[in-house]
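Values in this document were obtained by computation on a predicted structure and should not be read as measured data. Side chains included, hydrogens not; waters and symmetry mates left out as well; all remaining heavy atoms used.
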Amino acid sequence: MAAYLRLRGAASGLRFWSRRQRPAVANLAVVCSRSMASKTPVGFIGLGNMGNPMAKNLMKHGYPLIIYDVFPDACKEFQDAGEQVVSCPADVAEKADRIITMLPTSINAIEAYSGANGILKKVKKGSLLIDSSTIDPAVSKELAKEVEKMGAVFMDAPVSGGVGAARSRNLTFMVGGVEDEFAAAQELLGCMGSNVVYCGAVGTGQAAKICNNMLLAISMIGTAEAMNLGIRLGLDPKLLAKILNMSSGRCWSSDTYNPVPGVMDGVPSANNYQGGFGATLMAKDLGLAQDSATNTKSPILLGSLAHQIYRMMCAKGYSKKDFSSVFQFLREEETF
């Protein structure tokens, strides 16, 4: 297993949240001790577009943080706020027994947990590690096995909702892992999201997230195509969006995250597609869906096409733009 993990990657970033020893029988004393321990430090690894507001919501709920990010500048505002910044994931694990990781890829997660300075080098027995990255379900399962060998518990808890929901504490968490640990995970995840859903064994949270993001990509492309066609037929984009959102074509991509500049405020399309959920990450998630579909012999015709569209976008300069920039990409592409 160690060899498997070493082969899979090298990068960095981890989110980890610690757990106390699980008693065989819950009782009042245990409940009280958990309550008293609830404000002990929480480790947080990965302070990108999503991790940053998630960590801030934990701070707002009174949790001291032990912070790490591969980019030191990402930690500065937390350090200025009095939170403790350390030099590697292992140091996070040494100082906190509840850790949350929020990383871009499977390789980043593997390195953060199993790398030379990873969490598993100094993880304490009884710790609870929650990975909110979106990664391959098979990698989550392998990490869970390695964590279990160290006497700790691993749960996958990817999120949905985007940067806006991360800021407003309205994320949805899809949690996979030992059911007895769900309540402990929910204590922290509820500080960052409005929905915390138990999905089953380790890996099922990732499975739910992959399915959700595949549908999201398909619906965003569909919304962009419909808006583009309507505009070229002479319709005002705000009027068209209004009609779609009171009709059967309504979806999250049209009524909450519209891809057309000028239709909505406070979304990436109103800010030159800056911030939000990058096209590169959407292409990555669609690749995970493609791999899972191949492994399970599941037809995903539209999912495969969406994957190719986002790969094309990344190759043509859209990699750092929000995934809703597919509207702009389609406007510029006269032929397919």
Side-chain angles (χ1 to χ4, degrees), residues 49-50 134 158-168 170-174 193-195 197 199 205-233 235-271 273-290 292-293 298-313 318 321-331 333 336:
N49 287 342
M50 294 292 291
T134 299
V159 305
S160 179
V163 175
R167 289 174 180 153
S168 62
N170 284 318
L171 291 170
T172 292
F173 287 88
M174 294 151 271
S194 54
N195 299 296
V197 183
C199 299
Q206 297 295 350
K209 175 61 185 293
I210 289 170
C211 293
N212 178 81
N213 275 24
M214 182 178 73
L215 179 58
L216 173 60
I218 293 168
S219 69
M220 180 57 76
I221 293 169
T223 299
E225 288 184 348
M227 293 295 295
N228 185 41
L229 176 61
I231 291 167
R232 292 188 177 191
L233 288 171
L235 288 168
D236 175 81
K238 286 189 175 181
L239 173 63
L240 177 56
K242 180 179 179 180
I243 292 171
L244 292 177
N245 293 335
M246 62 174 59
S247 304
S248 56
R250 179 181 183 181
C251 63
W252 188 86
S253 295
S254 69
D255 72 0
T256 304
Y257 211 84
N258 198 285
V260 180
V263 169
M264 295 182 67
D265 295 326
V267 293
S269 61
N271 187 34
Y273 300 104
Q274 299 302 305
F277 185 64
T280 297
L281 292 175
M282 179 56 86
K284 181 263 293 183
D285 289 358
L286 289 167
L288 294 174
Q290 185 71 69
S292 297
S298 303
I300 54 165
L301 306 183
L302 294 180
S304 295
L305 181 56
H307 186 207
Q308 294 308 312
I309 290 172
Y310 276 99
R311 288 181 64 191
M312 289 172 63
M313 286 176 61
Y318 287 81
K321 290 184 177 290
D322 180 74
F323 81 106
S324 62
S325 63
V326 66
F327 172 79
Q328 187 179 62
F329 173 72
L330 292 172
R331 295 271 289 181
E333 290 294 317
F336 272 97

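With rounding to the nearest 0.5 Å, the separation of CG in Asn228 from CG in Leu233 is 9.5 Å. Taking CG of Asp285 as the start and CE of Met214 as the end, the distance is 11.5 Å to the nearest 0.5 Å. Interatomic distance, Leu286 CG to Ile309 CD1, rounded to the nearest 0.5 Å: 9.5 Å. In this structure, CZ in Phe327 is found 11.5 Å from CE in Met220, a value given to the nearest 0.5 Å. Distance check, rounded to the nearest 0.5 Å: CG of Leu240 to CG of Leu229 gives 8.5 Å. Between atom CE of residue Met264 and atom CG of residue Asn258 there is a gap of 6.5 Å, rounded to the nearest 0.5 Å.
Between Gly262 and Lys238, the shortest heavy-atom distance links the atoms O-CE, 2.8 Å. In this structure, Val263 and Ala241 approach most closely via the heavy-atom pair CG1-CB, 3.7 Å. Of all heavy-atom pairs between Leu302 and Ile218, the closest is CB-CD1, 3.7 Å. Closest non-hydrogen pair, Met50 versus Gly162, comes out as SD-C, 3.5 Å. Nearest heavy atoms, Ala270 versus Asp265: CB-CA, 4.4 Å. Minimum heavy-atom separation, Pro268 to Gly276: CG-CA, 4.1 Å.
Listed by first and then second residue, the side chain to side chain donor-acceptor pair (under 3.5 Å) pairs that reach into residues 240-251 are Asn245-Ser254, Arg250-Asp255, sequence neighbours excluded.
Taking the side chain as every heavy atom from C-beta outward, Thr223 and Pro259 approach each other to under 4.5 Å. By the 4.5 Å heavy-atom criterion applied to side chains, Ile231 and Val260 are counted as neighbours. Side-chain contact between Ile221 and Tyr310 is present, with at least one heavy-atom pair separated by less than 4.5 Å. Two residues are said to be in side-chain contact when any heavy atoms from C-beta on lie closer than 4.5 Å; Met282 and Val326 fail this criterion. Considering only heavy atoms from C-beta on, Met227 stays 4.5 Å or farther from Arg331 through its side chain.
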Check step by step if side chain to side chain contact (heavy atoms under 4.5 Å, CB included) holds for Asp322 and Gln274. CA-CA 6 Å; Asp322 180 74; Gln274 299 302 305; over 6 Å; no
Worked verdict on Ser324 versus Val267 for side chain to side chain contact (heavy atoms under 4.5 Å, CB included): CA-CA 9 Å; Ser324 62; Val267 293; over 6 Å; no
Check against side chain to side chain contact (heavy atoms under 4.5 Å, CB included), Tyr257 and Leu216: CA-CA 11 Å; Tyr257 211 84; Leu216 173 60; over 6 Å; no
Any chance you could lay out the side chain to side chain contact (heavy atoms under 4.5 Å, CB included) test for Gln206 and Leu288, step after step, and finish with the verdict? CA-CA 10 Å; Gln206 297 295 350; Leu288 294 174; 6.0 Å; no
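Residues satisfying the ring-ring contact (aromatic ring centres under 6.0 Å, His included) criterion with Tyr273, sequence neighbours excluded, are absent altogether.
A donor-acceptor contact closer than 3.5 angstrom links the side chains of Ser219 and Ser253.
Judged by distance alone, with hydrogens and angles left aside, the side-chain atoms of Lys321 form no donor-acceptor pair with the main-chain N or O of Met313 at under 3.5 Å.
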